[in-house]
Amino acid sequence: MRLQGAGERDAILRRMTDLKSAGEAAGGADKKRFVQVTIPVGMLQCNCTILGDLESGEALVVDPGDETERILELLTRYKLRPKAIVSTHAHIDHVGGLTKLRRATGAPVMMHRDELALYQIMDEQAAFLGVDRPETGEIDQLLKDGDVLRWGGLAANVMHTPGHTPGSISLYLPAEAGTAATGAASSRANAIDVPQLFAGDTLFAGSIGRTDLWGGSMKTIMDSLRGKLMQLPDETVVHPGHGPLTTIGEERDSNPFLTRG
């Protein structure tokens, strides 16, 4: 949970160059296979991301915190249907649109089991911010460290990265995440060129997630950062839950929380 300027509300950040089609990687086809669209949503400008495979039409939606209509418009624009809806954690600004999006698309909602207690105190979270309580509903699948989410030609590894909240997760797409998964069709040309990390509110550009809210722990988040996220390749592009992109290497070198002795 982190406050952002209101001027970012309508910004649409597209990182399509990092999610290339097999044709582009092999040498120049114009048509992209994979698309990522990120929009800051809601009062706290949570980054909601759609990761889509245009060939299969399947998508993963990460952290639909609010403004469900905008998310649905983007899914329609790219002719995508969600295979899953994932929350990196259960703070109100990351889950406000879960139930509406589930109802509209039929896609299952997923989060870590250690977030259920936080998800169940939405009245308290809403009162803390002085906002209306969003609708909540069923969680269809409880995630755990080491799970692999697959949709279209993409796959993401679930990393349990607690500290901001007890059940915070990050989603890691290694450089081969876009490799076709079946038989002779498998080809390195289908792969994502640069590893991608969707870090929720565990790691930001130049900062880390706050630990003074429900279930937060500075020791635990530092263990997650140093023991897991900082073990990823330096070139990994980090997509935080709020604010701009960064890389693991940049944060390792300059993030004040990580450079302290």
Within a 6.0 Å radius of atom [atom1] on [X], are there more than 12 heavy atoms belonging to other residues, nucleotides or ligands?
{"X": "Asp212", "atom1": "CG", "answer": "yes"}
{"X": "Gln231", "atom1": "CD", "answer": "yes"}
{"X": "Arg133", "atom1": "CZ", "answer": "yes"}

Is there a donor-acceptor contact under 3.5 Å from the side chain of [X] to the main chain of [Y]?
{"X": "Arg113", "Y": "Leu143", "value": "no"}
{"X": "Thr220", "Y": "Gly216", "value": "no"}
{"X": "Glu115", "Y": "Ala90", "value": "yes"}
{"X": "His164", "Y": "Gly209", "value": "no"}
{"X": "His242", "Y": "Asn47", "value": "no"}
{"X": "Trp151", "Y": "Leu51", "value": "yes"}
{"X": "Asp93", "Y": "Cys46", "value": "no"}
{"X": "Asp66", "Y": "Val41", "value": "no"}
{"X": "Tyr172", "Y": "Leu229", "value": "no"}

I want to check something: taking the side chain as every heavy atom from C-beta on, are [X] and [Y] in contact at a cut-off of under 4.5 Å?
{"X": "Leu75", "Y": "Arg81", "result": "no"}
{"X": "Val61", "Y": "Leu101", "result": "yes"}
{"X": "Pro174", "Y": "Asn157", "result": "yes"}
{"X": "Phe34", "Y": "Leu54", "result": "no"}
{"X": "Val238", "Y": "Phe204", "result": "no"}
{"X": "Val37", "Y": "Arg77", "result": "no"}
{"X": "Asp234", "Y": "Glu250", "result": "no"}
{"X": "Thr165", "Y": "Trp214", "result": "no"}

Fill in: Working for side-chain contact (heavy atoms from CB on, under 4.5 Å), residues Glu135 and Lys100
CA-CA 8 Å; Glu135 182 182 3; Lys100 288 183 179 179; 4.3 Å; yes
Classify the side-chain pair [X]/[Y] by whether it contains a donor and acceptor separated by less than 3.5 Å.
{"X": "His91", "Y": "Gln125", "value": "no"}
{"X": "Thr38", "Y": "Thr49", "value": "yes"}
{"X": "Thr88", "Y": "Asp63", "value": "yes"}
{"X": "Thr236", "Y": "Gln196", "value": "no"}
{"X": "Thr246", "Y": "Glu251", "value": "yes"}

Worksheet item: Of the options Thr202, Asp223, Asp145, which is the one that meets Lys228 in a side chain to side chain donor-acceptor pair (under 3.5 Å)?
Response: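 Looking at Thr202, Asp223, Asp145, the match for Lys228 under the side chain to side chain donor-acceptor pair (under 3.5 Å) is Asp145.
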Worksheet item: How would you list, by chain and number, every residue that makes a side-chain hydrogen bond (donor to acceptor under 3.5 Å, both in side chains) with Asp147, sequence neighbours excluded?
Response: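 Lys144.
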Worksheet item: When you look at Arg102 and Asp140, which way does the salt bridge (Lys or Arg N to Asp or Glu O under 4.0 Å) test go after all the steps?
Response: CA-CA 10 Å; Arg102 179 182 186 268; Asp140 299 288; 2.8 Å; yes
Practice prompt. Indicate, with yes or no, if Met159 and Val237 share a hydrophobic cluster defined by side-chain heavy-atom contacts under 4.5 Å among Ile, Leu, Val, Met, Phe, Trp and Tyr.
Written response: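 In one cluster: no.
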Practice prompt. Check step by step if side-chain hydrogen bond (donor to acceptor under 3.5 Å, both in side chains) holds for Thr99 and Thr136.
Written response: CA-CA 6 Å; Thr99 298; Thr136 56; 5.7 Å; no
